[in-house]
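Reading through the structure tokens given below for one structure.
This chain uses plain numbering: 1 for the first residue, then up along the sequence. In each ligand, atom 1 is the first atom listed, and ligand 1 is the first ligand listed. If you're wondering where the values come from, they're calculated on a predicted model, not measured in any experiment. Side chains are part of it too, since the values below use all heavy atoms of this structure and drop only hydrogens, waters and symmetry mates.
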Amino acid sequence: MQPHPKRRYHLHVRTTIQQVQAFKDRQERFAVLTAYDYSMAKLVDECEVPIILVGDSLGVVMLGYENTLSVTMDDMVRHTQAVERGASRALIVADMPFMSFQVSPEEALRNAGRLLREGGAQAVKLEGGVTMAETVRRMVEVGIPVMGHIGLTPQSVYQLSGYKPQGKTIEVAERLLRDAAALEEAGAFSMVLEGVPAPLSALITDRVGIPTIGIGAGSHCDGQVQVIHDMLGLFSDFVPRHVRRYAQLGDALKEAVRKYTADIASGAFPSEKESFTLDEAVLRQLEGKPHKAASGQ
Ligand code: KIV
């Protein structure tokens with residue numbers, strides 16, 4: 001295992017898990033966004049978003065997979081490293097991909113350790129409630145902060161028969177309440193509630209002492225998380241109901257690419273300003289003296 005290379009001192013102090021708890025204690029709503037690469041992480045970090053999630057949603061929006069199941073530990077480590085290089089203020093939470101934590105707590109610990117040690121994350125996120133509580137406890141015991149994730153858990157897409165909201169029946173709603181309590185009891189510092197009816201999220205948020213972070217879970221959660229490609233209009237294969245488009249960067253990007261293509265065709269790009277000059281004397285010499293190989297000598 002290669003240790004994460006420390007390259008420089010950061011001028012800023014990163015968000016800590018204690019500060020995340022303080023948001024809830026002060027009833028201050030907070031934002032979480034995904035990022036998967038250096039440039040995007042840097043831009044998000046400059047906006048002082050307190051938590052950046054390197055979600056396994058990168059499998060869909062960055063790698064073009066149909067779902068998140070194909071994402072590997074190596075994918076997660078590589079993208080987490082890039083985000084860490086770009087973001088110096090945000091708490092970086094790296095997702096544990098499918099089958100990196102379900103087989104045994106030992107394997108889960110090793111893989112979580114990779115995300116911190118090689119990837120440079122400060123915390124990990126994993127899907128599951130009661131069934132994962134023991135694994136969460138073991139991670140927390142060895143000093144790895146864990147964000148839980150319950151409700152619509154995308155890694156269980158086949159078990160759930162699609163991306164549908166969870167907790168609409170009394171049985172599932174009660175199970176989610178048990179899941180939330182188990183995660184808190186196991187020592188998770190926060191939990192994502194995805195695709196959960198708003199009144200149930202409100203109940204969970206009131207009952208647990210740690211922050212809840214909603215996505216498609218209504219306005220009562222302590223924080224909100226979105227996939228950045230969704231909110232910026234960079235991904236349109238499907239747009240979940242919970243998404244609000246804060247920009248249409250996909251359209252802006254296509255307009256720019258079409259203009260670039262047209263400018264090349266018309267000769268408008270590149271201009272002199274975008275080219276490099278050559279000293280006249282050098283040019284005259286080159287023009288007057290054919291190159292040996294070219295003149296056949
Ligand atoms: O992978 C991801 O981006 C996530 C968020 C949507 C919560 O799990």
Side-chain angles (χ1 to χ4, degrees), residues 20 30-37 40-41 44 49-73 75-80 82-83 87 90-102 111-112 115 119 121 123-129 132 136 146-157 160 162-167 176 179-180 183 188-196 201 204-205 210-218 221-232 234-235 237-244 246:
V20 177
F30 60 94
V32 181
L33 267 176
T34 67
Y36 317 103
D37 64 76
M40 193 71 93
V44 171
V49 172
I51 303 178
I52 293 180
L53 171 66
V54 189
D56 64 352
S57 50
L58 68 84
V60 178
V61 299
M62 298 291 287
L63 304 178
Y65 295 136
E66 197 182 323
N67 55 48
T68 57
L69 304 189
S70 307
V71 176
T72 65
M73 271 302 298
D75 291 332
M76 291 310 305
V77 168
R78 174 65 63 91
H79 284 275
T80 305
V83 167
L91 178 80
I92 299 171
V93 181
D95 234 343
M96 300 212 59
F98 183 55
M99 282 299 125
S100 70
F101 61 96
Q102 292 95 335
N111 284 322
L115 291 170
V124 300
K125 174 169 86 56
L126 57 84
E127 296 183 9
M132 283 302 141
V136 172
V146 180
M147 177 183 281
H149 183 161
I150 58 173
L152 196 182
T153 43
Q155 291 173 15
S156 307
V157 58
L160 300 176
Y163 299 106
K164 303 176 199 155
Q166 300 296 306
L176 288 178
D179 284 338
L183 285 172
F189 75 94
S190 63
M191 70 185 81
V192 168
L193 305 181
E194 179 166 358
V196 174
S201 301
I204 294 172
T205 302
I210 57 174
T212 59
I213 301 167
I215 172 164
C221 296
D222 300 299
Q224 294 289 330
V225 57
Q226 287 285 300
V227 169
I228 195 156
H229 286 61
D230 288 338
M231 65 155 283
L232 296 181
L234 284 169
F235 182 81
D237 290 6
F238 58 88
V239 184
R241 178 188 157 131
H242 59 73
V243 170
R244 184 180 296 176
Y246 281 87

With only distance considered, is Thr34 within less than 3.5 Å of ligand 1 through an N or O on each side?
no
Counting only heavy atoms closer than 4.0 Å, does ligand 1 sit against the backbone of His149, its side chain, both, or neither?
side chain
Closest protein heavy atom (residue, atom, distance) for atom 3 (O) of ligand 1
Ser57 OG, 2.5 Å
Using a strict 4.0 Å cut-off to heavy atoms of Ile215, name the atoms of ligand 1 that fall inside it.
6 (C)
Just wondering, do Met191 and Ile213 contact through their side chains at under 4.5 Å, heavy atoms?
no
Which residues share a ring-ring contact (aromatic ring centres under 6.0 Å, His included) with Tyr36, sequence neighbours left out
His229
Would you check, one step at a time, whether the test side chain to side chain contact (heavy atoms under 4.5 Å, CB included) holds for Asp56 with Gln155?
CA-CA 9 Å; Asp56 64 352; Gln155 291 173 15; 2.7 Å; yes
Within 4.0 Å of some non-hydrogen atom of Lys125, the atoms of ligand 1 are 4 (C), 8 (O)
So do Ile215 and Gln226 actually touch side chain to side chain, heavy atoms under 4.5 Å?
yes
Protein residue, atom and distance nearest to atom 5 (C) of ligand 1, heavy-atom basis
Leu53 CD2, 3.7 Å
Going by distance only, is there an N or O of Asp95 that falls short of 3.5 Å from an N or O of ligand 1?
yes
A student checking ligand 1 against Gly55 at a 4.0 Å heavy-atom cut-off should list atoms 1 (O), 2 (C), 3 (O)
Using side-chain heavy atoms (C-beta onward) and a distance below 4.5 Å, is Val71 in contact with Phe98?
no
Using the salt bridge (charged side-chain N to carboxylate O under 4.0 Å, His left out) criterion, which residues pair with Asp179? Sequence neighbours excluded.
none
